[in-house]
Amino acid sequence: MSLKGVFAWLQVQVPGTAEHRVQNIFQPFASPARAEYEIALFTLAITAAIFLVVGGLIVFTIVRFRRRSTDTTRQEPPQVYGSNQIEAAWTVIPILIVFVLIGVTARVVASVENASPPKSTLKLTVIGHQWWWEVVYPDYGFVTANEIHVPAASDGSTATYLTLESMDVAHSFWVPQLSGKMDLIPNRTNYMWIDPREPGVYVGNCAEYCGTQHANMLLRVIAQRPDDFNKWAAEQQKAAADNPQASEARTNFGTLACVNCHTIRGTPAVGKFGPDLTHLMSRQTLGAGVLVNTAENLRAWVDDPQRPKPGCLMPSMKLTDKELAQVVSYLQSLK
Ligand code: CUA
């Protein structure tokens, strides 16, 4: 992706919502992230104090015991071997510091994991794939990809519980402003929760090396006011749009190999290997965040996904110009 592409990607903005483009752990917007932010500050304060003490002593020693022009002897200073007090001090103090850090960390981990859920919760299953995220809304009966819509409430009265699984290798779910990292591991189920306090787009990424396109396994959590979230969910529950103007394109799409990997609900396309495309046009990005979802980029992506995302598991289908135009116009009808 070119630098321009990177900027374009960064500048995608949902009207009326704040986009948190920088993945800043020092600017938390959810309870787990806040708890981790506080413990990070505490750890930084302790390590800064250690740095000042050790660095200060080194500077003091260098200055105080430097060689002066008035020194007449060339002898070494008196050598001191062994001091029980000093050795005891530099053994016991670091051990105490380590135990304090372990204790505080364990308390935060336990308090995040054992927090009781608020009245209103949303349950999601996020499944890691090379190199995209499948997002299942089991209570609503639809599946989407890479962009996770969740409700946000400033008083923490709603939270989203994520069940994390993997289809292939180990991945890691990380949206720094909402929570710490949690791995997605094959044949194992992990859990985490988030409660965004402000509507907005929170960007994240896979945080566990998972193959060639690991760096382009990007994530967006789109936190919305509960009303907006419900509206979005109701739209997603509908079967794919059946625009009469796209009927020829739709029929032709059904004859292409695309349907073996992608699902478009309400059509013969029921593949499970790639992202569900039922409401593709409701997404901001393509290819797990590598391109902004524009007509031009969609065309480039369908034409040859290996150019924007080399090594990704979607091949170029070598479509003719006419087929390509039809696929793009059909996909664009999937509002
Ligand atoms: Cu998935 Cu790194």
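Positions are given from 1 along the sequence. Every number for a ligand or one of its atoms is a count from 1 in the order of the listing.
Side-chain contact annotation: Asn293 with Thr285, donor-acceptor N/O pair under 3.5 Å absent.
His214 contributes a side-chain N or O that, together with a main-chain N or O of Glu208, makes up a donor-acceptor pair within less than 3.5 Å. Side chain of Gln130 to backbone of Cys312: no donor-acceptor contact under 3.5 angstrom is found. Between the side chain of Lys181 and the backbone N or O of Ala207, no donor-acceptor pair lies under 3.5 Å.
The angle Cys210:SG - atom 1 (Cu) of ligand 1 - Met217:SD amounts to 110°, with values rounded to 10 degrees.
Sorting the N, O or S atoms of Glu208 by how far they are from atom 2 (Cu) of ligand 1 puts O first. Within His171, the N, O or S atom lying nearest to atom 1 (Cu) of ligand 1 carries the name ND1.
Taking 2.8 Å as the threshold, His214 counts as a candidate ligand of atom 2 (Cu) of ligand 1, since one of its N, O or S atoms lies below it.
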